[in-house]
Amino acid sequence: MFQPELVKSLRSYNAKTFAADLSAGIIVGIVALPLAIAFAIASGVTPERGIFTAIIAGFIISALGGSKVQIGGPTGAFAVIVYNIVHQFGLSGLATATVMAGIILILLGAFKLGGLISFIPYTIITGFTAGIAVTIFTTQIGDFFGLQTGAMPGNFVGKVAVYAKTFGTIDLYTTLVAVISLAVIFVWPKINKKIPGSLIVILLSTIACLILKKFFGLETATIGSRYGEIPSSLPAPQMPSFSIALIKQLSSSSLSIAVLAAIESLLSAAVADGMIGSKHNSNMELIAQGVANIFSPLFGGIPATGAIARTATNIKNGGRTPVAGIIHTVTLLLIMLFLGKYVVYIPMAALAAVLVSVSWNMAGFPTIKALLKGQKSDSTVLFITFILTIFIDLTVAIEAGLLFAAFFFIKKMVDLSEVQEYNTMPKGLLPDNLDEKPLTLPKDVLVYEISGPLFFGTVRKFELAVNQASVEYKVLILRLRSVSYIDAGGVRALLQLKNACENRKIKIILSGVCAQPEKLLDKTGIAEAIGKENIFDNISSALARANELLQ
């Protein structure tokens, strides 16, 4: 049922729950400020657009979402896509692509396709997430070392080339600020795990840099020196431009935004479920994400999704209903209205350190290490997705990853499937019930047992095995107890086998037919052609029928 979690939560809401939500919401709102700014800058847009996104999209995701504790806003996952769209089509193109992505997300939720996201292999998610992490890291090298790079190209190779040419312009003071900030971010969790180190770094680095500038004249780039003042109010809503030509050009990018938003939001909701022992509504969550991504660009925002780190912070600080998420957006709005003028003093080096730490956590080195120890096929899919995300495009990476994952899966199914021939066996034929005695196989009866699915990938193996039968026989029993799935290719192979056997006056008996194959054989008429009197649940009955036919 399409009902926001907020409506359900308010039915049993009380003062105690509100107190917990209020505390958590305020903390998350304060924590979200530097992250919203950092992700906006990493995406190639001005800092205030990240704040607008966190307020507008964050409110809608909490108000309409299917999760109790999901916190929405801009995330690092979108940085690569947004940067490239802005570089090619400008801010108006980004707004159009984001609205298109929002519509796609609403359709996914409305048609109850939230469960489809689980079909994307974990290796692909790990691969493109690591690729995004590397790309975010490369966008921050200039600010981390204070390089005089000028305008940056949109592609990975171009960025690396610019850094190589301009590394001689490194600023030691800026580098020192960035290195100390990064060290504090990684050390802080040992001191306090509830308040993220990124918030502490932003506060301390801003104060320290202001003091050093006043008394020692040391300067480093800040948000104010780079982007100017931060607005103290939300902009008036403005509709993006739409045209057939622009929609065609942005279709791939909008699909990437939608898929990434769906994946990250549902992963975040699933993680949150495990932390609070609840269950989210994936379809309602997708609809909320869609509405949020339609309204966010109208107010100057960028794409948004569920943010795992902020959601976890919300839970750890006591948030248990969507009210906490709404309070987090109100907190951000109040900060922008009354404290926005102080945001301009935040050093770019400190924000670069925050994003470097984000990229490190996104990379998921323990997960990659574990996957590399597994099957070569998984490692290959991971590597292909990773490389294509960095050097080409996220959409191409996901498409190629899915293609290779499907290919390797089919190959595994083919390798695992077996077609085994049974004729004269000294110890007899094993019955379906292993507690029973071995069965005697009549002289003119041939038994083939198929293990694994009988589909287009395994049909050839089945056909070759039957054609190469080493004995003469009058009755052929196909033992299908281990065949849980048959497709059109498998049905066609059975039909061809039946016709070939009829020409040689050989009778076919089916044994141990499972539910899906039985239903398909009925629908396609194969069961009727073979004769339902020749289809049995177990091998004992099939052998008894074979004896009847031989007599």
Side-chain angles (χ1 to χ4, degrees), residues 118-124 374-381 401-423 425 427-434 436 438-439 441 445-471 473 475-501 506 508-527 529-530 534-543 546:
S118 61
F119 287 99
I120 297 179
Y122 188 58
T123 48
I124 294 177
Q375 302 176 99
K376 288 184 180 180
S377 58
D378 290 338
S379 302
T380 303
V381 172
L402 286 170
L403 183 65
F404 276 90
F407 170 78
F408 285 127
F409 176 77
I410 292 169
K411 187 178 183 302
K412 282 177 196 169
M413 292 299 100
V414 173
D415 292 341
L416 288 172
S417 68
E418 291 183 2
V419 182
Q420 192 168 359
E421 176 188 332
Y422 295 100
N423 184 32
M425 300 181 64
K427 296 182 179 179
L429 183 68
L430 291 176
D432 293 325
N433 188 348
L434 297 180
E436 298 175 5
L439 303 169
L441 190 62
V445 175
L446 179 65
V447 176
Y448 271 108
E449 179 159 6
I450 305 170
S451 298
L454 184 58
F455 69 115
F456 66 90
T458 57
V459 162
R460 186 57 183 162
K461 184 182 286 190
F462 168 68
E463 291 174 338
L464 286 173
V466 175
N467 289 336
Q468 294 171 358
S470 57
V471 295
Y473 54 95
V475 178
L476 173 63
I477 298 177
L478 294 182
R479 198 173 188 185
L480 305 177
R481 59 177 179 170
S482 299
V483 179
S484 58
Y485 175 79
I486 292 181
D487 74 348
V491 169
R492 179 175 174 274
L494 288 175
L495 182 60
Q496 288 179 333
L497 176 63
K498 172 196 164 290
N499 293 335
C501 287
I506 296 170
I508 292 183
I509 297 174
L510 303 184
S511 166
V513 184
C514 297
Q516 188 274 341
E518 183 179 21
K519 186 182 293 185
L520 189 59
L521 293 179
D522 278 335
K523 282 186 176 181
T524 54
I526 300 296
I530 292 174
N534 294 322
I535 300 176
F536 298 92
D537 294 333
N538 57 79
I539 190 65
S540 301
S541 300
L543 286 173

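For clarity, every value in this text was computed on a predicted model and none was experimentally measured. Just so you know, residue 1 is the first one in the sequence shown, and it goes up from there.
- The shortest heavy-atom contact between G401 and V381 is O-CG1, 3.9 Å.
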Item to check | CA sep, side-chain torsions, deciding dist, call: L446, V475, side-chain contact (heavy atoms from CB on, under 4.5 Å) | outcome: CA-CA 6 Å; L446 179 65; V475 178; over 6 Å; no

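- Inter-residue side-chain proximity for I509 and L478 is flagged as unmet; no heavy-atom pair is nearer than 4.5 Å.
- Contact of the T123 side chain with the T380 side chain is not registered, since no non-hydrogen atoms from C-beta on lie closer than 4.5 Å.
- With contacts defined as side-chain heavy-atom distances shorter than 4.5 Å, the pair L510/I530 qualifies.
- Annotation: the span from F408 atom CZ to K376 atom NZ amounts to 11.0 Å, rounded to 0.5 Å.
- Closest non-hydrogen pair, V491 versus L520, comes out as CG2-CD2, 3.6 Å.
- Of all heavy-atom pairs spanning L402 and P121, the tightest one is CD2-CD, 3.8 Å.
- No side-chain heavy atom of I124 sits less than 4.5 Å from a side-chain heavy atom of F404.
- Contact of the S484 side chain with the Q516 side chain is not registered, since no non-hydrogen atoms from C-beta on lie closer than 4.5 Å.
- Remark: S377 OG to F409 CZ distance equals 11.0 Å, nearest 0.5 Å.
- A 4.5 Å side-chain heavy-atom check between L494 and I486 finds at least one atom pair inside the cut-off.
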Checklist entry - Going through the checks in order, is the side-chain contact (heavy atoms from CB on, under 4.5 Å) test met by F455 and I410? => result CA-CA 10 Å; F455 69 115; I410 292 169; 3.9 Å; yes

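- A side chain to side chain contact (heavy atoms under 4.5 Å, CB included) with E518 holds for exactly one of I535, D537, V513; it is V513.
- Atom NZ of K411 has 12 or fewer heavy atoms from other residues, nucleotides or ligands within 6.0 Å.
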Item to check | Stepwise side-chain contact (heavy atoms from CB on, under 4.5 Å) test for V445 and Y473 | outcome: CA-CA 5 Å; V445 175; Y473 54 95; over 6 Å; no

Next on the checklist: What verdict does the side-chain contact (heavy atoms from CB on, under 4.5 Å) test give for Y448 and R479, after you've listed the backbone C-alpha separation in whole Å, the side-chain angles of each residue and the deciding distance to 0.1 Å?
Outcome noted: CA-CA 6 Å; Y448 271 108; R479 198 173 188 185; over 6 Å; no

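- Taking OG from S511 and CG from N534, the interatomic distance works out to 12.0 Å, rounded to the nearest 0.5 Å.
- By the neighbour-count criterion of 12 heavy atoms within 6.0 Å, atom CZ of F536 is densely surrounded, having more than that number from other residues, nucleotides or ligands.
- Rounding to the nearest 0.5 Å gives a distance of 8.0 Å between CG of L480 and CG of L521.
- Looking at S482 and I450, their side chains never come closer than 4.5 Å, going by heavy atoms from C-beta outward.
- R481 places none of its side-chain heavy atoms less than 4.5 Å from the side chain of C514.
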